[in-house]
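Along the sequence shown, residues are numbered consecutively beginning with 1. Counting convention: from 1, in listed order, for ligands and their atoms alike.
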Amino acid sequence: MTKIDGHIHSPYCPHGTKDPFEKYIEQAIQLGYTQITFTEHAPLPKGFVDTTPTMDSGMTRESLDLYLSDLKELQNRYSHKINILIGLEVDFIEGYEKETTDFLNTYGMVLDDSILSVHFLHNKNSWDCLDYSHEYFNRMLETYGSVDLIYDKYYDTVKKSILAELGNYKPKRIGHMTLVRKFQKLHKPTHSYEQETNDILKLIKEHDLQLDYNGAGLLKPYCQETYPSEDIIKKAKALNIPIIYGSDAHQAKDLNQGREKMLL
Ligand SMILES: [Zn+2]
Ligand SMILES: [Zn+2]
């Protein structure tokens, strides 16, 4: 039986923990995983300035080679116990498609499995990190004027990420497709956005992509559901979209998070 976690961070995450790779790997083996993908936040595109207060959304470009060579070594060392895939969580940032394509054309050939995620929303001449904190989300509300307008922009950006060219090494999996709901207990939109999420599933299907079924949201106090939620997962299954569990662990003890409550 295969047991997969396709979304794991690492000691190279600037906002994560320093838990060494081995700690994640040993824990995953303990939990019975047969395949895991490390998907560290890729370096942000050239020229893009991280707008988060801590400026730590992606790993540095300087550390990328070391991340990849560490993983190559671990992949070999643990090959008899667990299948380790080398990946990245690549940001889709509207306006930086060219830089992202250049990046993927440079590194894509050494990646086994990657995720494309939207964390930043383009607004005039600035980009806001949607999931940074609820205080930050509050500031976005002042700029956007309503929760609905943030949701509109988010789902629109996810659609763009699916439609974007990004070259031959474009990631095959869409990360946490309802991340905008991270603070839903504090800020509710006026409608369900069912049409938008249906449209996104349809696009994922048409473009032969996979869906990250992310357990992290269940543990977030203002979210309390997976990304995406069960109703959306049921529709994705009906469409035969490949669904890959992701713990989105930023520390070894978060592996497997949410999993027992999920439709896997
Ligand atoms: Zn992260
Ligand atoms: Zn993410």
Side-chain angles (χ1 to χ4, degrees), residues 5-19 21 23-24 36-45 48 50-61 63-64 67 85 87-94 96 100 103-104 111 113-121 127-134 136-137 140 150 154-155 157-158 160-162 164 166 170-184 200 204 209-220 222-223 225-229 232 243-255 257-258:
D5 185 342
H7 190 155
I8 306 177
H9 291 275
S10 77
Y12 285 85
C13 182
H15 57 258
T17 60
K18 291 297 156 212
D19 280 1
F21 279 120
K23 199 169 171 187
Y24 285 93
I36 55 174
T37 308
F38 284 99
T39 51
E40 195 45 77
H41 297 283
L44 295 172
F48 180 79
D50 191 344
T51 52
T52 63
T54 39
M55 296 184 77
D56 57 359
S57 300
M59 76 163 102
T60 62
R61 178 109 19 174
S63 56
L64 182 57
Y67 169 77
L85 302 185
L88 288 170
E89 181 177 11
V90 178
D91 265 278
F92 175 77
I93 302 179
E94 204 182 346
Y96 284 85
T100 305
F103 173 82
L104 288 167
L111 302 174
D113 178 39
S114 287
I115 295 178
L116 189 65
S117 295
V118 172
H119 304 99
F120 289 94
L121 300 187
W127 285 263
D128 295 303
C129 182
L130 175 80
D131 63 318
Y132 184 75
S133 66
H134 67 92
Y136 194 97
F137 195 92
M140 281 177 73
I150 297 177
Y154 174 75
Y155 286 123
T157 310
V158 173
K160 283 186 173 140
S161 76
I162 298 167
L166 308 184
K170 178 173 173 173
K172 300 263 182 293
R173 185 153 68 257
I174 298 301
H176 43 59
M177 67 165 269
T178 54
L179 183 65
V180 71
R181 295 191 191 172
K182 183 168 178 180
F183 306 113
Q184 64 177 349
I200 288 170
I204 288 176
L209 297 169
Q210 310 166 339
L211 194 56
D212 170 43
Y213 185 17
N214 193 306
L218 269 173
L219 284 300
K220 302 284 183 221
Y222 303 126
C223 183
E225 67 175 24
T226 52
Y227 311 120
S229 52
I232 297 175
I243 292 162
I244 313 291
Y245 168 76
S247 65
D248 210 344
H250 285 68
Q251 52 186 334
K253 72 175 173 60
D254 287 346
L255 286 170
Q257 64 183 343

Quiz item: Is the Zn ion (ligand 1) under 2.8 Å from any N, O or S atom of His41?
Solution: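 Here the distance criterion (N, O or S atom, under 2.8 Å) is met by His41, so yes.
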Quiz item: So, is His9 placed with an N/O/S atom under 2.8 Å from the Zn ion (ligand 1), counting both backbone and side chain?
Solution: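 No, His9 does not qualify, because none of its backbone or side-chain N, O or S atoms lies under 2.8 Å.
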Self-check item: Minimum-distance atom from the Zn ion (ligand 1) among N, O or S atoms of His15
Solution: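 For His15, the N, O or S atom at the smallest distance from the Zn ion (ligand 1) is NE2.
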Quiz item: Is Ile150 close to Phe137 at the side-chain level, that is, under 4.5 Å between some pair of heavy atoms?
Solution: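 With C-beta onward as the side chain, the pair touches.
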Practice problem: Describe, in one word, how the ring planes of Tyr12 and Phe21 are oriented to each other, choosing from parallel (under 30°), tilted (30 to 60°) and perpendicular (over 60°). | Solution: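 It falls in the tilted class, 30° to 60°.
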Quiz item: Hey, what's the ring geometry for His9 with His250, parallel, tilted or perpendicular (30° and 60° as the breaks)?
Solution: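 Parallel, since the angle between the ring planes stays under 30°.
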Practice problem: Salt-bridge test for Lys253 and Asp19: reply yes if a basic N is under 4.0 Å from a carboxylate O, no otherwise. | Solution: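 Result for this pair is no, no salt bridge flagged.
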Quiz prompt | Shortest-distance N, O or S atom of His119 relative to the Zn ion (ligand 2) | solution =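 It is NE2 of His119.
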Quiz item: Testing Glu89, Lys182, His7, Arg181 for side-chain hydrogen bond (donor to acceptor under 3.5 Å, both in side chains) with His176, which one passes?
Solution: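 Output: one option passes, namely Glu89.
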Quiz prompt | Angle subtended at the Zn ion (ligand 2) by Glu89 OE2 and His176 NE2, rounded to 10 degrees | solution =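 Seen from the Zn ion (ligand 2), OE2 and NE2 are separated by roughly 90°.
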